[in-house]
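Here is the naming used below: chain letters follow the sequence lines, and residue numbers restart at 1 for every chain. Source: prediction; values computed, not measured.
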There are 2 protein chains.
Amino acid sequence: MTRPERARPGSGALASLPSLAPLPTAAERAAAVIRENIFEGKFQPGTALPEAALSQALQISRNTVREAFRALMSEHLLTYETHKGVAVRALTVADVHDIYTLRQMFETSAIDLLDSGRAELDPAALLEPVAAGEAAGAADDWVTAGTANLRFHSNLVSVHGSTRMEEFFRRLMTEMRLGFLALEDPKTFHAPYLVQNRSIADKIIGGRYDEARTDLTAYLEQAKTEVAAAVAKQSTVDDDR
Amino acid sequence: MTRPERARPGSGALASLPSLAPLPTAAERAAAVIRENIFEGKFQPGTALPEAALSQALQISRNTVREAFRALMSEHLLTYETHKGVAVRALTVADVHDIYTLRQMFETSAIDLLDSGRAELDPAALLEPVAAGEAAGAADDWVTAGTANLRFHSNLVSVHGSTRMEEFFRRLMTEMRLGFLALEDPKTFHAPYLVQNRSIADKIIGGRYDEARTDLTAYLEQAKTEVAAAVAKQSTVDDDR
DNA sequence: TGCAACATTTTTGTTCAACAATCTTTCGTA
DNA sequence: TACGAAAGATTGTTGAACAAAAATGTTGCA
């Protein structure tokens, strides 16, 4: 006998839940804490993170702090120089342009794939993040809204079916979150995109691929301009300090 | 007064020279040695690398060995599992397909860029690796020929002008070298591609982009089949051991 | 004052020995 | 043979220590 069908969270929704299983190693837990602090804005871009300070704050040995740093470096959240230690990554305007150029390439080619019938897409993969973004926006939680937004675009790229592309795109999304930190008013930035994501999702699902491509390209161009401006402003502020 | 013009190494040629400057930290030097051993075939794919053994062999402490491992993990040369340590990466057939799909995407879109005049290319960037490959082939040095081959394709992708794409493509090239390790007869594999690279380079430089695209696609398809077969064979051999 | 050379302090790079936690292997028993 | 417990090997982590490099502070001089 089968159990009655009941509503289940859409694709990707569970991914945003905090994992219940505690991370196995101290280094990973430390990395998680540091990562959290970066995205919370506690450790601002450009901030140096001395090993001794983190060792004391997290109550772990310096060697373990270093392991955590290595992990975050490979996530491109920290920069490193020999004998100078690590610092929270600060995006440059060139970074922002590079990132959006690649997003344009990966996302529009995903639509091409759908358009030509070489790939298929579960509508829920787009609708779930859109709905999650709208819900977060309604609750005035713009960090969650931003993350849902990124999940929308990641799921679109997933139609390529390439594990390496997904991994690479995840990296780009991580860097986007660093860029979001530079925004002065996240609400003003994110709110319009909630509407646009809904529209793009509908067009893709409805098979109106040309319109979707056009809208997406405009979307990315606009977002790039805004984030680049925010990052530029941030770097001038840093210089003044 | 100007010095007389004299022959200079073409673009990228110097990159293949061993760096004279010794690496600053012991961890980096250790990583270089391990990397070397992998590509020399001394550490074969799938081989576990115990920390204690490397520590003794390289005369460095276990902590430093771990730092070297971290670096190589982020280069995707080593795999890692908690409490199980690291092992030399062994490509799967799925990996090979994924890699060639992405190569196809990046390389043909580079030609598109040239075709539409949105980017330009220094002919030397293609001709130098082609010549280097031919020279290495003539000297029966198929490791160098393989590396020159990869440089040819990297330089093609460079026309995108995206630092992240270049970095990502370098990763793919590194993984290709892991795949080359599975080849039974490198000469039989590489020799035909020396000729094809020359032909593709000529067509690109000559503006015959459609032909170049066709040839390149055929090239990649053929190479994918061969490397996938070699990797498949290698994995069955490993299973038998 | 401005600046260059030197001395001091801080921070990173690395080692070592030790122990806890987790696999792997071995081996005795049912 | 199959199972499971004990023994052994390997990884995860610590803390202290010192060398080496970078950052900082100080002095002396033009």
Side-chain angles (χ1 to χ4, degrees), chain A residues 19-35 37-38 43-75 77-90 238-239 241, chain B residues 19-35 37-38 43-90 238-241:
Chain A
S19 69
L20 294 177
L23 295 165
T25 71
E28 288 177 64
R29 287 191 298 275
V33 171
I34 297 169
R35 194 186 297 113
N37 274 275
I38 292 173
F43 296 161
Q44 293 189 347
T47 309
L49 300 180
E51 297 175 1
L54 274 285
S55 170
Q56 193 169 353
L58 299 173
Q59 288 293 301
I60 56 179
S61 82
R62 256 184 70 214
N63 279 315
T64 306
V65 171
R66 286 173 140 260
E67 296 233 2
F69 282 173
R70 298 271 173 201
L72 296 167
M73 282 160 48
S74 71
E75 291 177 32
L77 287 177
L78 300 180
T79 59
Y80 166 80
E81 276 179 286
T82 309
H83 286 297
K84 289 181 139 192
V86 305
V88 179
R89 176 88 180 286
D238 287 351
D239 289 345
R241 273 200 309 231
Chain B
S19 69
L20 293 177
L23 294 166
T25 71
E28 289 177 63
R29 287 192 297 274
V33 170
I34 297 169
R35 195 185 297 113
N37 274 275
I38 292 173
F43 297 160
Q44 294 189 349
T47 309
L49 301 180
E51 297 175 1
L54 274 284
S55 169
Q56 193 168 354
L58 298 173
Q59 288 293 302
I60 55 179
S61 81
R62 256 182 71 212
N63 279 314
T64 306
V65 170
R66 286 174 141 259
E67 296 229 0
F69 282 173
R70 292 272 177 193
L72 295 168
M73 281 159 49
S74 71
E75 291 178 33
H76 300 90
L77 288 177
L78 300 180
T79 59
Y80 166 82
E81 277 178 286
T82 308
H83 288 297
K84 289 181 143 191
V86 305
V88 179
R89 176 89 181 284
D238 287 350
D239 290 345
D240 289 348
R241 274 199 310 231

So, taking the atom named [atom1] in [X] and the one named [atom2] in [Y], what distance separates them when rounded to the nearest 0.5 Å?
X	Y	atom1	atom2	result
A/L54	A/I60	CG	CD1	7.5 Å
B/R35	B/L78	CZ	CG	10.0 Å
A/L58	A/N37	CG	CG	8.5 Å

Which residue, B/L77, B/L49, B/V86, forms the side chain to side chain contact (heavy atoms under 4.5 Å, CB included) with B/L72?
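Of the listed options, the one satisfying the test is B/L77.
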Nearest-nucleotide comparison on DNA chain D, the residue closer to the 5′ end among A/T25 and A/T82
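Nearest nucleotide further toward 5': that of A/T25.
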Would you name the heavy atoms of B/A27 and B/A68 that are closest together and state the gap between them?
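That closest heavy-atom pairing would be O-CB, 3.5 Å.
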For A/R29 and A/L23, which heavy atoms make the closest approach, and how far apart are they?
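So the minimum-distance heavy-atom pair works out to NH1-O, 2.9 Å.
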Assess whether side chain to side chain contact (heavy atoms under 4.5 Å, CB included) is satisfied between A/E67 and A/T25, documenting all intermediate values.
CA-CA 10 Å; A/E67 296 233 2; A/T25 71; over 6 Å; no
Using whole Å, report how far NE2 of A/H83 lies from P of D/dA19.
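For the pair A/H83 NE2 and D/dA19 P, the rounded distance is 15 Å.
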Any salt bridge (Lys or Arg N to Asp or Glu O under 4.0 Å) pairs touching residues 46-62 of chain B, not counting sequence neighbours?
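Listed once each, the pairs are B/E51-B/R62, B/E51-B/R66.
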Does A/K84 make a side-chain N or O approach to OP1 or OP2 of D/dA23 shorter than 4.0 Å?
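Yes, A/K84 has a side-chain N/O under 4.0 Å of OP1/OP2 on D/dA23.
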Are B/Y80 and D/dT10 close enough that a side-chain N or O sits under 4.0 Å from OP1 or OP2?
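For D/dT10, neither OP1 nor OP2 has a side-chain N or O of B/Y80 closer than 4.0 Å.
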Near-strand residues of residues 52-66 of chain B, defined as heavy-atom separation under 4.0 angstrom from DNA chain D:
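Residues of residues 52-66 of chain B under 4.0 Å from DNA chain D: B/R62, B/N63, B/R66.
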Need two values: the first and the last nucleotide of DNA chain C, 5' to 3', having an atom under 4.0 Å from any heavy-atom of chain A.
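Boundary nucleotides touching chain A, in 5' to 3' order, are C/dT12 to C/dT15.
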